[in-house]
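In what follows, every heavy atom counts, from backbone to side chain, and hydrogens, waters and symmetry copies are set aside.
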Amino acid sequence: MSRDEAIQPIAGEQRLSLIGVMLAIFLAALDQTIVATALPKIVVDLHGTNLYAWVATAYLLASTVALPIFGRLAELVARKWVLLVAVAIFLAGSALSGASNTMMALIAFRSIQGVGSGGIFAVGMTVLGLLFPPRQRGRIQGLFGAVFGIANVLGPWLGGLLTDQLSWHWIFYVNMPFGLVALYFLAVHMPHLEPSARHRFDYVGALAVAVMTVPLLLALSWGGSTYAWDSPTILGLFALTLIGIVGFILAESRNPEPLFVLNLFRGTTFRWAMVGSFFYGAAFLGALLFLPFYLVQVKGISATNSGLSLTPLTLGVVVGSFVTGQLASKLGRYKGLLILGLAWLTAMLFLFHAVLTQTTPLWQIWLVMVLVGVGMGPGMPTYTLAVQNAVPVNRLGQASSGAQFFRQIGSSLGAALMGAVLVAALQSDVPRYLPPTVRSAQQQFSGSQVGASGNQSIATTVRSKFGKAKREIDAALAGRPGAYAAVQRDPDIPKSYKASIARGGVPAEVRQGFTRTLTLIKSALAGSPAAEVAVRRDPQLPAALKTALGHPPTNAAARAAILASVRAEMAAAEPKAAAAALHQAQAGVNGAFSKLERQITRDLERGFNFGITDAVRQIFLYASLLALLALIFAFLLPNTELSHEHQPADHGATARPQPEN
């Protein structure tokens, strides 16, 4: 009997080790969401707006690559030490991230955190599989799903609280005391869990995993946002991913001690559980990611509380995961529970698609969120339970990390797919809901981009657009050098406004008006009846001048004196008249712009809300289809009974999987 098969920890060790493992998993899960609400403050303090996305991307890349590597290490070295190292790496990354004073340093230290996080998930789940036989493991896996759900709820709220009350540094420092407690339980109470034999580590396989994973995740993160999907950068990343996959298969199939035993895919349970886990992850994150966007933009929930808006769904996940784990241990089988959960999830996601409108009451949304969460819950513990039950005990590391790896890749693909659906829906739907006149104004002000980022309110974005146009027009009305040409070049300013502005602005118009009036007065003094009539109609000229023009002097010198006096008075009055006319013109522009601004904002918000609602409805439809695919593959799983003992160890990398009932 191998040492793996002989593991029989006492009850006290199981309980105390479980505390340490669950606490470590809780911290790793918490760190996936706690940073999001603090990021705006972080990028301001560290002056790194252009590197905003990399804080999350670096963590995702490192944790995903670390999963299979630590999964294999957990089969080569005593699991206790591998898990302790993973927790230590995570805590070191947390401490360094909290002390970061530049964005580049934070990104680098978040990568270290990600390595530790991937190690905690991979080794933690392996340790649970070793401490508890499959029949008992169901309730433990259900507990893990509940812990993961609670961390998802607490993360955004705790991140905002610590950032507001202390500083963003504490979202990382908060890991330290809890992590030290986890280290204590693991170091003092956890058995060593030695592997059955010593093997060499597959460095080529680890490199191949990085080559196929990093480009794929970068392509899914950048595609449709930073770069177009058909851009050379994205296509090149996908090509590099394909090269990595081929290299990984070749390396693993030829290595007698591979990082990942490809023969595991010959097992029916393992093969279809990996595929199902992939689609489950895509449906899970795809449905989860964009619901807060709808709740904030359409239902008016504050951005601060957007993380808490998912609480009903997460509570459903906790209940579904915990109950499924308990039932799996009691009944001794998991297939029926997984099928029931995925069928329920598929139906509830489609229900969300059917009932979601702009006016759906919040209580209905909360209710459906709980029902969706209940359907999501069974998948969290069951896939890991299935693969751990199907593989030899000395392959638990690969099985546990493999299930999480496929789920994480599926989640990334689901997020990219749903993001593309959202962008496409907004681009097509928002203009469709705008009145024609407003749509024209929207286009003149480049309004197709208004609100698309979701980072600013529509009112703020429109106000910013109009503010720039108003400043340019005010400058042109004041006659500032170059302002007239700037207005004529600006595509955001309507043509009607451009046509109403004279070269030189209001001062030039006033000057031209005074010149025309002076010319009329000169003609009236010369005896022109038409000029006299025009002058008399001018309300700005004094009555004495109009009376004098009724009987103009015949003496040329007298007429010249009157004309010189009028010219002098006009020259003195011109600045005041120009200022008054400029004030009146600018007030008129401001009033007209404010009215148009309110109209466009109101109609844009209406169209944008309709567009978001339609987009999120489509997202839930696609998520239901992904859940349906997971359900189809769940039917292909054998109805295997959960064993009361671990599967016996195999012998070598080419050993065939154990027979399945």
- Message: I'd like to check the side chain to side chain donor-acceptor pair (under 3.5 Å) partners of Ser321; sequence neighbours left out, ordered by chain and number.
- Response: none
I need the [X] [atom1] to [Y] [atom2] distance, nearest 0.5 Å.
| X | Y | atom1 | atom2 | result |
| --- | --- | --- | --- | --- |
| Leu96 | Gln113 | CG | CD | 9.5 Å |
| Leu631 | Ser624 | CG | OG | 11.5 Å |
| Leu349 | Leu371 | CG | CG | 11.0 Å |
| Trp170 | Leu162 | CH2 | CG | 9.0 Å |
| His169 | Leu106 | NE2 | CG | 10.0 Å |
| Thr382 | Leu327 | OG1 | CG | 10.0 Å |

- Query: Got a sec: does the CZ of Phe322 have more than 12 other heavy atoms crowding it under 6.0 Å?
  - Reply: no
Smallest separation among heavy atoms of [X] and [Y], with atom names:
| X | Y | answer |
| --- | --- | --- |
| Ala62 | Ser111 | CB-O, 3.2 Å |
| Ile89 | Ile112 | CG2-O, 3.4 Å |
| Leu342 | Ala634 | CD1-CB, 3.8 Å |
| Leu186 | Met190 | O-CB, 3.1 Å |
| Val21 | Gly124 | CG1-O, 3.7 Å |
| Val214 | Leu61 | O-CD2, 3.8 Å |

Is there a side-chain contact between [X] and [Y] in this structure, where contact means two heavy atoms from C-beta onward sitting under 4.5 Å apart?
| X | Y | result |
| --- | --- | --- |
| Asn389 | Thr640 | yes |
| Ile25 | Met125 | yes |
| Val372 | Val317 | no |

- Query: Side chains of Gln358 and Thr613: donor-acceptor distance under 3.5 Å anywhere?
  - Reply: no
- Would you say the side-chain atoms of Ser94 and Tyr173 include a donor-acceptor pair closer than 3.5 Å? no
- Task: Scan for ring pair (Phe, Tyr, Trp, His ring centres under 6.0 Å) pairs involving residues 611-632, sequence neighbours excluded, and state none if there are none.
- Result: Phe352-Phe620
- Could you tell me whether a side-chain N or O of Ser117 sits under 3.5 Å from a main-chain N or O of Asp31, the two making a donor and an acceptor? no
- Task: Only counting residues at least two apart or in another chain, list the ones meeting ring-ring contact (aromatic ring centres under 6.0 Å, His included) with Tyr184.
- Result: His189
- Just jot down the ring-ring contact (aromatic ring centres under 6.0 Å, His included) partners of Tyr383, sequence neighbours excluded, or say none. Tyr280
- Parallel, tilted or perpendicular: which describes the rings of Trp272 and Phe633, with under 30° parallel and over 60° perpendicular? parallel
- Query: What pairs of residues pass the side-chain hydrogen bond (donor to acceptor under 3.5 Å, both in side chains) test when at least one of them lies in residues 334-354, not counting sequence neighbours?
  - Reply: none
- Item | Chi angles and distances behind the side-chain contact (heavy atoms from CB on, under 4.5 Å) call for Leu18, Phe185 | CA-CA 9 Å; Leu18 181 62; Phe185 278 98; over 6 Å; no
Per-pair distances, 0.1 Å, donor-acceptor, side chain in residues 401-411, under 3.5 Å, sequence neighbours excluded:
residue : atom : partner : partner atom : Å
Ser401  : OG   : Gly397  : O            : 2.8
Ser401  : OG   : Gln398  : O            : 3.3
Gln404  : NE2  : Phe121  : O            : 3.1
Gln404  : NE2  : Ser400  : O            : 3.1
Arg407  : NH2  : Met380  : O            : 3.4
Gln408  : NE2  : Ser63   : OG           : 3.2
Gln408  : NE2  : Thr64   : OG1          : 2.7
Ser411  : OG   : Gly281  : O            : 3.2
Ser411  : OG   : Arg407  : O            : 2.9

